[in-house]
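Some notes on the structure that comes next.
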Amino acid sequence: MQWVCDLLRTELLSGDWAETPLPAEDALIRKYGVSRGIIRDVLAILAEQGLVERVRGAGTFALTPSALQHGIEVSRDLAQDVNAEGTRVAIRTTYASLHPAPAFIAERLELGTGAEVVILESVTSLDGYPLSIRSAFLPADPFAVLLRGPATSLNRSPYELIADVIHEPVGDTELQIGCSMADPISAASLQVDVGFALLDTSRVVRALDGRPLEYSVSHARSDRLLFATVMRGPAERSVAS
């Protein structure tokens, strides 16, 4: 049953039935070649997860919009990818302040004792609905200038903010991806229930010369965002070298 559940969930997130009801039970039985009991169990699981709604006499309907697929092979932000073809993603900075660097952040940003950081908290929305929240930490030298500009200048891609301040493109991004359950703070920001599954990332953005420029942590709705990349085979890497 697991493979049926995984496949149907993936098709839902791909937007296959965004505008129309899911196929009837008999059609799903033929589609996947499994029993009626398995189909009903899978639909019940997806309903419990908030992905579909079963309406007696009308059918089964997708409750989630298709998930965005964001490539992670280049140092770019989701807003830069999506908004290249139309403004669907908006970033709103909700908190901006100068603060002594906590030890954990100072280590990641390779800062000395007593150094300060700029802390930015933001909410990213997709088509007007909250998609993710981010806490970002940047060295006060040179990013304190961000706190002296108009507030609207902060409501854009972090990569754009960084590049504008250092006057050059960013370098590599070290990215870690995990998951967590929404706590009361993140649940309120993302309009989900406490315990909802979140897609988490932490990253270090570096300059072209390798200097760390930002450390950030984000939490995204797992039903609206997918990360994608291409994993190269050993043979291809050896040819390239």
Side-chain angles (χ1 to χ4, degrees), residues 68-85 87-126 131-178 199-220 225-232 236-237 240-241:
L68 278 180
Q69 192 164 204
H70 175 46
I72 56 174
E73 58 280 332
V74 178
S75 289
R76 285 175 60 86
D77 190 78
L78 177 68
Q80 293 171 293
D81 277 348
V82 177
N83 289 350
E85 300 181 1
T87 304
R88 297 182 60 199
V89 174
I91 298 173
R92 179 172 58 90
T93 296
T94 57
Y95 176 85
S97 180
L98 198 63
H99 196 279
F104 179 87
I105 299 300
E107 180 180 352
R108 267 111 191 116
L109 294 178
E110 300 174 11
L111 300 175
T113 303
E116 292 187 309
V117 291
V118 173
I119 302 178
L120 302 177
E121 295 180 358
S122 60
V123 177
T124 297
S125 298
L126 170 66
L131 175 68
S132 66
I133 55 176
R134 179 180 299 278
S135 297
F137 306 84
L138 306 97
D141 180 17
F143 292 102
V145 67
L146 293 174
L147 303 179
R148 298 195 288 270
T152 53
S153 68
L154 299 179
N155 297 331
R156 51 201 175 108
S157 162
Y159 285 105
E160 293 176 351
L161 289 175
I162 293 169
D164 281 356
V165 172
I166 65 174
H167 304 296
E168 66 180 32
V170 301
D172 292 341
T173 297
E174 299 165 12
L175 185 68
Q176 291 185 327
I177 301 174
L199 185 61
D200 296 345
T201 61
S202 61
R203 74 183 184 199
V204 176
V205 178
R206 296 186 179 273
L208 294 174
D209 62 7
R211 290 175 296 123
L213 300 173
E214 181 215 53
Y215 177 81
S216 68
V217 177
S218 73
H219 308 283
L225 181 63
L226 300 172
F227 290 116
T229 189
V230 176
M231 301 174 68
R232 304 295 181 187
E236 188 168 346
R237 290 201 304 271
S241 60

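The structure presented is a predicted model; accordingly, all values stated were derived computationally and were not measured.
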Roughly how far, to the nearest 0.5 Å, is [atom2] of [Y] from [atom1] of [X]?
X: Ser153; Y: Leu146; atom1: OG; atom2: CG; result: 6.5 Å
X: His219; Y: Thr201; atom1: NE2; atom2: OG1; result: 8.5 Å
X: Leu109; Y: Tyr215; atom1: CG; atom2: OH; result: 9.5 Å
X: Leu213; Y: Leu161; atom1: CG; atom2: CG; result: 12.0 Å
X: Leu154; Y: Glu160; atom1: CG; atom2: CD; result: 12.5 Å

Which heavy atom of [X] sits nearest to which heavy atom of [Y], and what is that distance?
X: Leu138; Y: Phe143; answer: CB-CD1, 3.7 Å
X: Ala115; Y: Leu111; answer: CB-CB, 3.8 Å
X: Pro142; Y: Ile166; answer: CG-CG2, 4.4 Å
X: Thr173; Y: Val205; answer: OG1-CG2, 4.0 Å
X: Ala96; Y: Leu120; answer: CB-CD2, 3.5 Å
X: Ile91; Y: Asn155; answer: O-CB, 3.0 Å

Heavy-atom side-chain proximity of Arg156 to Asp164 below 4.5 angstrom
yes
Student check: side-chain heavy atoms of Val217 and Asp200 closer than 4.5 Å
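They are not in contact (no side-chain heavy atoms under 4.5 Å apart), so the answer is no.
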Would Arg134 and Ser216 count as having a side-chain donor-acceptor pair, cut-off 3.5 Å?
yes
Main-chain N/O of Tyr159 paired with Ser157 side-chain donor or acceptor, under 3.5 Å:
yes
Under the 3.5 angstrom rule, does the side chain of Thr94 hit a backbone N or O of Glu121 as a donor-acceptor pair?
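Looks like yes, one N/O pair under 3.5 Å.
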My understanding is that only one of Arg206, Arg108, Arg203 makes a salt bridge (charged side-chain N to carboxylate O under 4.0 Å, His left out) with Glu174; could you say which?
Arg206
